[in-house]
Amino acid sequence: MLTCQVDLPRCGGFLARSIAQRLHFPMIEKNYQPADIETRMARLWEEAGAFKAGRPERRDARPFTVVIPPPNVTGSLHMGHALNNTLQDILCRFERMRGRDVLWQPGTDHAGIATQMVVERQLMERQEPGRRDMGRAKFLERVWQWKAESGGVIVNQLKRLGASCDWSRERFTMDEGLSRAVAKVFVELHREGLIYKDKRLVNWDPKLLTAISDLEVQQIEVKGSLWYLRYPIEGKSFNPDDPATFIVVATTRPETMLGDTAVAVNPDDERYADLVGKHVILPLVGRKIPIVADEYSDPEKGSGAVKVTPAHDFNDFEVGRRHNLPQMSVLDQEGCLALVGNEDYLRGLPEGASQLAEELHGIDRFAARKLIVARLEDFGFLERIEPNTHMVPHGDRSGVVIEPYLTDQWYVDAHTMAQPAIAAVRSGATTFVPKNWEKTYFEWMENIQPWCISRQLWWGHQIPAWYGPDGKVFVAETEEEAVGNALGYYVEQEVITPEQGDEMARDPARREGFITRDEDVLDTWFSSALWPFSTLGWPDDETDVKRHYPTDVLVTGFDIIFFWVARMMMMGMHFMKDVPFPTVYIHALVRDEKGAKMSKSKGNVIDPLHLIDDYGADALRFTLAAMAAQGRDIKLAPQRVEGYRNFATKLWNACRFAEMNGCALPADFDATQATQTLNRWIAHETVRATREVTEAIEAYRFNDAAASIYRFVWNVYCDWYLELAKPVLMGEEGAAKSETRAMVAWARDEILKLLHPFMPFISEELWAVTARRDGLLVLTEWPRKAGLTSDEAVLMATTSPNDGLLPPVLLALDTGEFSDPAAEAEIGWVVDLVTAIRSVRAEMNVTPATLTPLVLAGASDETRARAQRWNDVIRRMARLGDISFADRPPEGAVQLLVRGEVAALPLKGVIDLAAEKTRLDKELAKADADIKRVDAKLGNEKFVANAPEEIVEEEKEKREAAVARKTKILEALERLKNAA
RNA sequence: GGGCGCGUAGCUCAGCGGGAGAGCACCUCGUUGACAUCGAGGGGGUCACAGGUUCGAUCCCUGUCGCGCCCA
């Protein structure tokens, strides 16, 4: 314990420093240097294993579990990560200090497409053989190699941000355990019929050559055209000038006309009523196709007739199904016309059609569009072209136009799996914060489509399905099992002999070409969906699943509610029979200061690492927390970060001040037992701040929590408490001084605790250098709300959320015995008096060097006593000469109203009497306006009758105060007149 | 077309049934014993618009206008 017998400031820095050194803790450096602190504190936490879950002393504590939204292994920290992880870290550090056994589960996502693209690009840049030339095995080796070398960048960046994850438990979606979870889930869902293979239209990416899910498609508005084509009616001699010989169809995709298998008109469209059931001859191709009636065709749009191309359009696919139309692909994987050798296309075509096929074969879809339109025009089939702005699907990764494409893919029956997930949110088992996101969730879940989970990529979890020579599929968790099943089956079917079966089972080379594995991999989000339990060891070891599932809260952005949250809900409900988290906190998107989404192409990306370099991780974190109000996007201006860096500096200097004044906390100090009014006041304010910060974090109101601690530190502790304490700290030794020193240190320590979740680095550093400590701040107990007994605190830390032992009273306690209205009244008076004097001095242009006297006129005994007690402080802070008392204010003095009494500054000769009259007139007008407004209310019978009693009481008090004020102002004006 | 959200001080944003707030910017003053990364003071808003509910509306409801996002 440090009790300084020496008056440190008078001895100067040197002595203070040497005393501190003898007491074995370092002095606070003169300047706040975030970079230096961050490195050292990070190391300290690491060495102490501070973030480890399952610390022995917390074995019996209630766990608090959060799984990180795994960043892409290719990623680097952007503002969204910074926000997301800051908020999670605030919660984790907060609960850790509250005694919980915190597991913040970190890890990264293999990010199938993104990672494969990165490595492919690298191969290209190095002019090495491409993926296909290299072969699957070798390519995958390269990806793993890349992952080992540069895959961990983002993890280190998260550490720089201060993320208190249990890094010893870092997982990767493709590590062995998680891969086993993926296989098991696939096999079980397949067995239950919830995963199946189907041939239907998918969103095909012609650049990446893979199917993608609906969610990976972005609809982008494109200025295109609407082409009006004339399709000749069968049996009539086509004449471009005779509308009776053709039907006009409007299309945005003329190049797919080669694959048309019908023309559709609306059944209610009278214009075409007599054509339904007849046929048209497809221009250029010569194929005879029917005219069908279908609701899909909108009479208002285009010509009212549409061509139907079931293999290249999602709507047409449905129309085709309803009318039993053939599905005819005319494009290949890369979006080029595929006509030569295309049996579906060539079947039944007239002589000469193959010539067209040869001419157009292999041409890219967009070039083909031009060619086909030109050719249609040549023959009079093109009626006109209209400009047309419409939505065109684009791949979110490749950026190219997506092609609806007919292929075999694996699907999850999302509709069935969504039902329990919907019910869980309906019942409140999981709630969204803010609540309005539930609507978005329901909207999507209730209209969910089959989820295409297969990808024609190499990097990812290869689908655990094997095919026999007849295409029969064998799904199993391991190759051994699948092959066993397959060989058994074919032996039984007498396709092979038992001896052949044995050989194939023993030697993979022998079964090559007989049994082959599905080449495709799973959608990255398939493994992400298992994250809340796969990272806990499922299915191999359920110990941690039992302790940590369901997790406590998920913190994420709204942009991945569909991608991730919804799918975790489905998988969690299915495999764990419970929600993955009772609360989903959805935070905003971080935008640039103009509100634009940050993107590389716009060049408006603010790099969080640069902000950390410039202002420190603490300042960035505090900024993000302070701006994370629910329900609004964050427009980030770097200036805000600078402001919060200044806040850190302010705190730094306040701690230096405390140190220079020998402020230290005696071991047995009890803040509630303070005797000095000022000290009782700051204890009261500290408890209030504690309550505000605690309740705000509990309610996920990060901005309120940040605002509370900011205001308390700067506008209460620094601006008033330390200033008011100065005369005591500079004065004679004694009980008052000792208590004040202790209280300065106590409040400082409470501040460091409250601030820690937001600014972990500087708070930990200051914790270390301001006193000898038993342990790190990160593991120090959070200040309890007043009235919370230690038994209750223990209960809170050890009770599990579902056992109903947590009494509601713990969640809403007031300041209880810490409240001290008397202290508030006295310090409030000092604050008001000083503020009023400062204000009028500035207004009257009194230079700071001028020490004016103060006369308290007609002061009550209480005011006289207060003025004497606070004489030094008031004089120093308000730049006064001396303070005296009188029955009436002296003539020609400026008269201020402070809590109903007159404080006069005799400034005769210093001030401009006319200006003072103007000032008083203004105040008089204000008082009159107040009285008038209140009178209007109180004069309203309905108000008095209907308004709550306390509101009416309040209004009456306001009126009395305003009237009293007015009286004093009138008196002041009167005296002013006499002085003139 | 459907859904969600937002229009509050010059800027970025809190507040959300009972007298308009913060930070930054701006203006004035300041080498006061932690801090100029600071201190003191100040100016600045018919809370988008129009109706309605209410004793009372920036706040609740309806509509209009403007902006953003998501889904078709």
Side-chain angles (χ1 to χ4, degrees), chain A residues 9-10 28 30-32 34 214-215 218-219 314-315 391 434 436-440 442-444 447 558-559 561-562 588-589 591 593-597 615-616 619 623 626-661 701 703-704 706-707 710-711 714-715 718-719 722-723 726-727 729-730 744 834-835 837-849 851 876-879 926 929-930 933-934 936-948 950-952 954-955 958 961-962:
Chain A
R10 284 191 199 152
I28 304 177
K30 176 93 171 72
N31 291 310
Y32 165 51
D214 296 344
L215 287 175
Q218 287 181 325
Q219 301 292 336
F314 285 98
N315 290 310
M391 302 302 268
N436 55 302
W437 288 110
E438 289 178 6
K439 189 151 186 168
T440 307
F442 289 135
E443 190 72 21
W444 188 68
N447 296 296
F558 63 81
D559 49 332
I561 291 178
F562 303 150
L589 219 62
R591 301 171 175 280
E593 48 193 313
K594 292 185 196 107
K597 203 167 170 172
Y615 304 113
T623 307
M627 299 189 77
Q630 291 180 10
R632 196 199 277 246
D633 285 347
I634 296 176
K635 290 183 206 162
L636 187 74
Q639 231 171 11
R640 286 294 291 264
V641 187
E642 186 182 355
Y644 290 117
R645 188 275 319 267
N646 295 352
F647 171 63
T649 305
K650 184 75 182 176
L651 175 70
W652 185 266
N653 284 307
C655 290
R656 283 183 64 223
F657 173 79
E659 177 181 71
M660 291 165 84
N661 284 283
R701 288 149 45 131
N703 59 319
D704 286 343
Y710 182 93
R711 192 174 324 219
W714 203 316
N715 303 120
C718 290
D719 285 353
L722 293 185
E723 290 303 324
K726 274 178 184 172
L729 294 170
M730 309 296 168
V744 166
V834 170
T835 305
I837 296 170
R838 280 171 170 174
S839 176
V840 80
R841 284 178 61 109
E843 236 175 281
M844 298 285 156
N845 285 321
V846 180
T847 64
L851 300 183
R876 195 176 63 82
M877 293 187 79
R879 313 288 304 154
K926 232 168 104 187
D930 281 356
R933 193 182 45 75
V934 177
K937 270 196 172 180
L938 291 172
N940 182 344
E941 279 173 34
K942 287 181 180 171
F943 171 73
V944 181
N946 293 327
E950 71 261 26
I951 297 290
V952 178
E954 238 172 69
E955 292 295 323
K958 278 182 205 164

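Keep in mind it's a predicted model, so treat the numbers as computed, not measured. Atom set for the values below is all heavy atoms of this structure, side chains included, hydrogens, waters and symmetry mates excluded. Every chain is numbered from 1, with letters handed out A, B, ... down the list of sequences.
The base-pairing partner of B/U53, taking Watson-Crick or G-U wobble contacts with both distances under 3.5 Å, does not exist among the strands shown. Pairing for B/C24 goes to B/G10, judged as Watson-Crick or G-U wobble with the two contacts each under 3.5 Å. Using the Watson-Crick or G-U wobble rule with both distances under 3.5 Å, B/A48 pairs with B/U64. B/U31: no Watson-Crick or G-U partner with both key distances under 3.5 Å is found in any strand.
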Going through the checks in order, is the salt bridge (Lys or Arg N to Asp or Glu O under 4.0 Å) test met by A/E659 and A/R656? CA-CA 5 Å; A/E659 177 181 71; A/R656 283 183 64 223; 5.8 Å; no
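Per the geometry, NZ belonging to A/K937 stands 11 Å off C1' belonging to B/A57, to the nearest Å. For the pair A/Y710 OH and B/U37 P, the interatomic distance rounds to 15 Å; values are reported in whole Å. Per the geometry, CZ belonging to A/R879 stands 12 Å off C1' belonging to B/C29, to the nearest Å. Between A/Q639 atom CD and B/C11 atom P there is a gap of 14 Å when expressed in whole angstrom units. Between A/E659 atom CD and B/A34 atom C1' the separation is 10 Å, expressed in whole Å. If you measure from atom CH2 of A/W437 to atom P of B/G3, you get 16 Å, rounded to the nearest angstrom. Residue A/W714 contributes atom CH2, which lies 13 Å from atom C1' of B/A22 at whole-angstrom precision. Distance, A/D719 CG to B/C35 P: 15 Å, rounded to whole Å.
As judged by a 4.0 angstrom heavy-atom cut-off over every strand, A/E723 is placed among the base-contacting residues. Residue contacts for A/C718: at a heavy-atom cut-off of 4.0 Å it reaches a base atom on one of the strands shown. Here A/D930 lies in heavy-atom contact (under 4.0 Å) with a base. When heavy atoms are screened at a 4.0 angstrom cut-off, A/T847 is found touching no nucleic acid atom at all. Within 4.0 Å (heavy atoms only), A/R711 reaches no atom of the nucleic acid at all. Backbone-only contact: A/E955 has heavy atoms under 4.0 Å from sugar-phosphate atoms and none from a base.
When all heavy atoms of A/A648 and A/Y32 are compared, the pair lying nearest together is CB-CE2, 3.4 Å.
Inter-residue side-chain proximity for A/F647 and A/L651 is flagged as unmet; no heavy-atom pair is nearer than 4.5 Å.
Rounded to whole Å, the P atom of B/A40 lies 12 Å from the corresponding atom of B/C24. Taking atom P in both B/G19 and B/C59, one finds a spacing of 14 Å when rounded to whole Å. Rounded to whole Å, the separation between the C1' atoms of B/G17 and B/G52 comes to 15 Å.
A/R645 contributes a side-chain N or O that forms a donor-acceptor pair with the base of B/U37 under 3.5 Å. Counting distance only, with no hydrogens placed and no angle test, the side-chain atoms of A/R640 and the base atoms of B/G23 include no donor-acceptor pair under 3.5 Å.
Remark: A/N646 is in phosphate contact with B/C38, judged by side-chain N or O atoms under 4.0 Å from OP1 or OP2. Taking only side-chain nitrogens and oxygens, A/S839 comes nearer than 4.0 Å to OP1 or OP2 of B/G42. Remark: A/K926 is not in phosphate contact with B/G19, judged by side-chain N or O atoms under 4.0 Å from OP1 or OP2. A close approach under 4.0 Å does occur between a side-chain nitrogen or oxygen of A/K439 and OP1 or OP2 of B/C4. OP1 and OP2 of B/C55 both lie 4.0 Å or more from every side-chain N or O belonging to A/N940. One finds no side-chain N or O of A/K958 lying less than 4.0 angstrom from the OP1 or OP2 phosphate oxygen of B/G18.
The side chain of A/F562 approaches B/C70 more closely than any other nucleotide in the set B/C70, B/A72, B/G41.
For the pair A/R645 (side chain) and A/A619 (backbone), a donor-acceptor distance under 3.5 Å is absent.
In this structure, A/T623 OG1 and A/Y615 OH are separated by 10.0 Å, a value rounded to the nearest 0.5 Å.
In this structure, A/Y710 and A/W714 have tilted ring planes: the angle between them lies in the 30° to 60° band.
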